[in-house]
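Quick note: numbers below take in every heavy atom, side chains included, and nothing from hydrogens, waters or symmetry partners.
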Amino acid sequence: ALGIAQMVPEMSHKRLKLTLHLPCPHSRLVSLMLATGTIQLLVIFILQAIVIAVYDATILPGEMVWRVLLTMLPWYLAGICAYLCVSAVCLEGTWYTRVILSLLGIALLMVMFLQPGVMAAYNSMIIVIIILILILAVLSFGSIARFKEGLQD
């Protein structure tokens, strides 16, 4: 929802075209847009984790609180992945590439939740997921480059 709320007005009202004509490098502008959304998500996730940790600490031993937080981490990382995928799809100008990016995002999120019943199944994948997040951030830059070239439907 955050990606849609942030990026759809930029594309539907053609504000992005104006933004890209500012005397600032477009890669910096896109980085700031993505950083703003990611930081907002991180603030929400950190506040939620603090509330859960404080509450759980009153009723569970410390080891269990740590396990609860570690089990929540892939969900938080999936939220960031979903934000970056939605941002790339919204910033993309062509429908063909939007469909490809959407399918890529859905496949990535499905991989992140293949084993929902196994506790801490993704602890060994956390580094891989973080690397995927960094790769996903590049997708929006490709969408902007195609947008600047005039590839739009």
Side-chain angles (χ1 to χ4, degrees), residues 1-12 15-16 19-20 24-147:
L2 179 63
I4 291 172
Q6 182 182 15
M7 301 302 175
V8 167
E10 291 288 330
M11 295 303 289
S12 65
R15 285 186 230 153
L16 186 63
T19 303
L20 294 177
C24 184
H26 70 274
S27 59
R28 182 172 181 208
L29 293 171
V30 174
S31 297
L32 288 173
M33 287 180 0
L34 293 176
T36 300
T38 304
I39 289 170
Q40 289 174 355
L41 278 177
L42 287 174
V43 167
I44 292 168
F45 293 159
I46 289 169
L47 289 175
Q48 183 185 32
I50 289 171
V51 168
I52 289 172
V54 167
Y55 175 74
D56 284 355
T58 62
I59 58 174
L60 296 172
E63 176 67 24
M64 286 297 293
V65 174
W66 176 249
R67 289 288 179 188
V68 167
L69 293 175
L70 195 57
T71 302
M72 291 179 353
L73 185 59
W75 290 87
Y76 291 149
L77 295 175
I80 293 171
C81 284
Y83 166 73
L84 292 172
C85 286
V86 167
S87 296
V89 169
C90 289
L91 291 173
E92 181 57 49
T94 61
W95 280 102
Y96 174 76
T97 312
R98 281 183 185 169
V99 170
I100 298 297
L101 289 173
S102 297
L103 293 174
L104 176 71
I106 291 168
L108 178 63
L109 292 175
M110 287 178 67
V111 166
M112 294 177 82
F113 298 109
L114 284 177
Q115 300 172 350
V118 181
M119 191 173 193
Y122 292 96
N123 289 351
S124 61
M125 280 185 55
I126 290 177
I127 299 298
V128 174
I129 294 170
I130 291 171
I131 292 169
L132 284 173
I133 288 173
L134 296 174
I135 292 170
L136 282 175
V138 176
L139 289 177
S140 294
F141 292 100
S143 296
I144 292 295
R146 286 186 292 279
F147 182 79

Working to the nearest 0.5 angstrom, can you tell me the gap between [X] [atom1] and [Y] [atom2]?
X: I80; Y: I133; atom1: CD1; atom2: CD1; answer: 5.0 Å
X: M64; Y: L69; atom1: CE; atom2: CG; answer: 11.0 Å
X: Y76; Y: C81; atom1: OH; atom2: SG; answer: 15.5 Å

Would you indicate whether the side-chain heavy atoms of [Y] and [X] approach each other to under 4.5 Å?
X: L84; Y: L139; answer: no
X: I131; Y: I127; answer: yes
X: L108; Y: L136; answer: yes
X: L104; Y: C85; answer: no

- Task: Quick one: which residue pairs count as a salt bridge (Lys or Arg N to Asp or Glu O under 4.0 Å) with a foot in residues 52-65, not counting sequence neighbours?
- Result: E63-R67
What pair of heavy atoms forms the shortest contact from [X] to [Y], and how long is it?
X: A82; Y: L109; answer: CB-CD1, 3.9 Å
X: I52; Y: M72; answer: CD1-SD, 3.6 Å
X: S102; Y: V89; answer: OG-CG2, 3.6 Å

- Query: What residues form a ring pair (Phe, Tyr, Trp, His ring centres under 6.0 Å) with W75, not counting sequence neighbours?
  - Reply: F113
Please list, one pair per line, the donor and acceptor atoms closer than 3.5 Å that link side chains of residues 31-46 to other protein atoms, with sequence neighbours excluded.
{"unit_1": "S31", "atom_1": "OG", "unit_2": "S27", "atom_2": "O", "d": "2.7"}
{"unit_1": "T36", "atom_1": "OG1", "unit_2": "L32", "atom_2": "O", "d": "2.7"}
{"unit_1": "T38", "atom_1": "OG1", "unit_2": "L34", "atom_2": "O", "d": "2.8"}

